[in-house]
Amino acid sequence: MNDFGITEKFLETINNFQNLNENFDSIKNFVIAFIIFASLNIISIVVNLVLQFKLKNKDKDIIKFNLRESERIKVLFRLYELLEQLTYYNEEYQKEYIDKANQINQYITKNKLYIDKSYINITQEMNDYFLTVIGDYRKKDYKNEMRLLDEFSKEFNK
């Protein structure tokens, strides 16, 4: 081989080395793109898991609220029925109405978890009124009874 052939081989090797560098750059770019894609995919999976966990807890909270609310409605409906029964009081059944007033107080105590303070105040006012009427029937006032029942129903329908 002559000097020209060695130079040619040397130039060929340099060209191959440059091609290898270009291939290496493209491989490096591919690896970087793959790492970015994998990272974004992992981040989206983590975000998805966190959001699913939060939605599951939110769903549990909604179900718990609905159960409490349905029980509260049943309790308040029964309490309203008991209070309404007291409005039909007449002097002949004094003992039964005292028992009914005590039953209302016991019912409130048993179901205090479901009864708001505003309902307790209205109920106590009605109970006090009815105990006053039982003591002296001349103090019976249908307007006051209806006002108290209306307050209860307005509070319920808020």
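- Side-chain contact between Leu86 and Met126 is absent, with no heavy-atom pair separated by less than 4.5 Å.
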Step-by-step side chain to side chain contact (heavy atoms under 4.5 Å, CB included) determination, Tyr129 to Asn144 = CA-CA 9 Å; Tyr129 164 75; Asn144 191 28; 3.3 Å; yes
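- If you chain together hydrophobic residues whose side chains sit under 4.5 Å apart, Ile43 and Leu51 fall into the same group.
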Under the ring-ring contact (aromatic ring centres under 6.0 Å, His included) criterion, do Tyr80 and Phe156 qualify, and how do the steps go?
-> CA-CA 10 Å; Tyr80 186 83; Phe156 181 77; 8.3 Å; no
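- Here the side chains of Gln85 and Leu82 are in contact, with some heavy-atom distance below 4.5 Å.
- Here the OG-CG distance, from Ser153 to Leu148, works out to 11.0 Å after rounding to the nearest 0.5 Å.
- At a threshold of 4.5 Å between side-chain heavy atoms, the hydrophobic network of Ile, Leu, Val, Met, Phe, Trp and Tyr places Leu113 and Ile108 in one connected group.
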Step-by-step ring-ring contact (aromatic ring centres under 6.0 Å, His included) determination, Tyr119 to Phe152 | CA-CA 7 Å; Tyr119 294 108; Phe152 191 94; 5.2 Å; yes
In sequence, state the C-alpha distance, the side-chain angles, and the governing distance for Glu125 and Arg147, and then conclude on salt bridge (charged side-chain N to carboxylate O under 4.0 Å, His left out).
-> CA-CA 11 Å; Glu125 186 178 347; Arg147 179 187 62 81; 3.1 Å; yes
Steps toward salt bridge (charged side-chain N to carboxylate O under 4.0 Å, His left out) verdict (Lys100, Glu96) | CA-CA 6 Å; Lys100 186 72 72 178; Glu96 288 84 2; over 6 Å; no
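- Here Met146 contributes atom CE and Tyr142 contributes atom OH; the two are 8.5 Å apart, rounded to the nearest 0.5 Å.
- Checking side-chain atoms of Asn48 against main-chain N and O of Ser44 turns up no donor-acceptor pair under 3.5 Å.
- Side-chain contact between Glu145 and Phe130 is present, with at least one heavy-atom pair separated by less than 4.5 Å.
- Exactly one of Asn111, Thr123, Ile120 qualifies for a side chain to side chain contact (heavy atoms under 4.5 Å, CB included) with Leu79. That residue is Thr123.
- Checked options Val75, Leu67, Ile73; the residue passing with Glu71 is Val75 (criterion: side chain to side chain contact (heavy atoms under 4.5 Å, CB included)).
- To the nearest 0.5 angstrom, Leu76 atom CG is 6.0 Å from Ile115 atom CD1.
- Between Arg78 and Tyr107 the shortest heavy-atom distance is CB-OH, 3.1 Å.
- Residue Ile134 holds its CD1 atom at 8.5 Å from CG of Asn127, rounded to the nearest 0.5 Å.
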Evaluate the criterion salt bridge (charged side-chain N to carboxylate O under 4.0 Å, His left out) for residue pair Lys154 and Glu151; output intermediate values, then yes/no.
-> CA-CA 5 Å; Lys154 281 180 187 175; Glu151 276 183 40; over 6 Å; no
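- Here the closest heavy-atom approach between residue Ile122 and residue Glu155 is recorded as CD1-CB, 4.3 Å.
- Classification of Asp99 and Lys95 as a salt-bridged pair holds, one side-chain N sitting under 4.0 Å from a carboxylate O.
- Judged by distance alone, with hydrogens and angles left aside, the side-chain atoms of Asp116 form no donor-acceptor pair with the main-chain N or O of Ser118 at under 3.5 Å.
- Using a cut-off of 4.0 Å between Lys/Arg side-chain N and Asp/Glu carboxylate O, Glu69 and Arg72 are scored as salt-bridged.
- Taking all atoms of both residues into account, the shortest heavy-atom contact from Asn105 to Gln124 is OD1-NE2, 3.5 Å.
- Under the 4.5 Å side-chain criterion, counting only non-hydrogen atoms from C-beta, Ile62 is in contact with Lys58.
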